[in-house]
Amino acid sequence: MTPERGGPEASGSGRAHGKAILMGEHAVVYGFPAIALPLLTVTVDATVQLSTDADWLDCAYYRGPLAKAPSELGGLRLLIEESRRALGSPSRGTTVHIDSMIPPEYGLGSSAAVAVAIVRAMYDLFHQTLAAKELASLVHVAEVHAHGSPSGIDAWAASVDSALWFVPGQPPDPLPLSRPLFLVVAGSDTPGNTRDAVRRVKESQARFGVGAGPIARIGELTRAARPALVRGDYGFLGALMTEAHRELNALHVATDHLNRLVSTALRDGALGAKLTGGGGGGSMMALAADGSQQMQLAEALRRAGARQVWTPVVGGS
Ligand code: MEV
């Protein structure tokens, strides 16, 4: 390995994307499967350079020495140290610049995507190839700091370009879709903190015990969703999504505004709708029958107070 190749003025760049969890959030923390979708047009770009100074971060929320960054960004310090170690780089300052389209705390995988983009940029700087598993395990370091006990799904979803079937502890299976999936993803009126939501679910779930209650039911719904997604049976898939939203409500991770956005989408003819990601605020998603209904739903959700609306089309092209 020639870690210093390129010299201090060289820079590396990396990109990652946001994700939306179609089915299985929260249950996946308890070992059940989940399905994640890539948001390929909602991206994070990172560039890194080596310098003789201390580690430095430049992003929309903070500009300055990484050692003095707010504690929420502490995972990035660990991530950069781990990446340097994995690359065999002597301890030198790293300057990191982040340019992100993903709003943090909206359930769209912002923290994992930032981490994926940084690791890719570090490996690019050193001209090293990066195996998918190695990337996931490096990103996990930052995700543990951000979320406490992450299932690992966000790290994979931010780095793979297809729909994914994910079971904790295993590399995910890419899911080929037979036809396009027209989605509307809408940010609600408040951000949601995944760490808090996971803690709240732990408390709710304690009442039901292992293998029962909303978590187990979400696991069943997710298993039923896999063949519906792959076959293109989107009417059935939508019904499963709406039922999953009811179970997530039973776990107390929906909010009034998320429920209102879900009801709006269903009233306007969505095939299904649910919150996506950690909840407690954050985002919801609706499944549209086609591109024109997708645009109508996006408009209806904007009118219902969605903070931001995305209209991804996943797979099938
Ligand atoms: C967050 O995107 C999904 C959760 O299931 C947490 C996790 O899997 O780490 C809520």
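Starting from 1, each residue takes its place in the sequence as its number. Counting convention: from 1, in listed order, for ligands and their atoms alike.
Annotation: cation-pi pair Arg179/Tyr234 present, NZ/CZ under 6.0 Å from the ring centroid and within 45° of its normal.
Note that the CE atom of Met241 and the CG atom of Leu266 stand 9.0 Å from one another [nearest 0.5 Å]. Distance CG/Asp189 to CZ/Arg307: 10.0 Å, rounded to 0.5 Å.
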Does ligand 1 have any N/O atom under 3.5 Å from a protein N/O, and what are those pairs and their distances?
from     : atom 1 : to     : atom 2 : distance (Å)
ligand 1 : 2 (O)  : Lys19  : NZ     : 3.0
ligand 1 : 2 (O)  : Asp154 : OD1    : 2.9
ligand 1 : 2 (O)  : Asp154 : OD2    : 3.1
ligand 1 : 5 (O)  : His26  : N      : 2.9
ligand 1 : 8 (O)  : Ser151 : OG     : 2.6
ligand 1 : 9 (O)  : Ser151 : N      : 2.9
ligand 1 : 9 (O)  : Ser151 : OG     : 3.4

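In terms of the side-chain contact (heavy atoms from CB on, under 4.5 Å) criterion, residue partners of Asp173 (sequence neighbours excluded) are, by chain and number, Trp165, Arg226.
Results of the side chain to side chain contact (heavy atoms under 4.5 Å, CB included) test with Leu183 over Val313, Leu287, Leu39 single out Leu287 as the only residue that passes.
Gln308 and Tyr106 form no side-chain donor-acceptor contact under 3.5 Å, judged by distance and modelled atom types alone.
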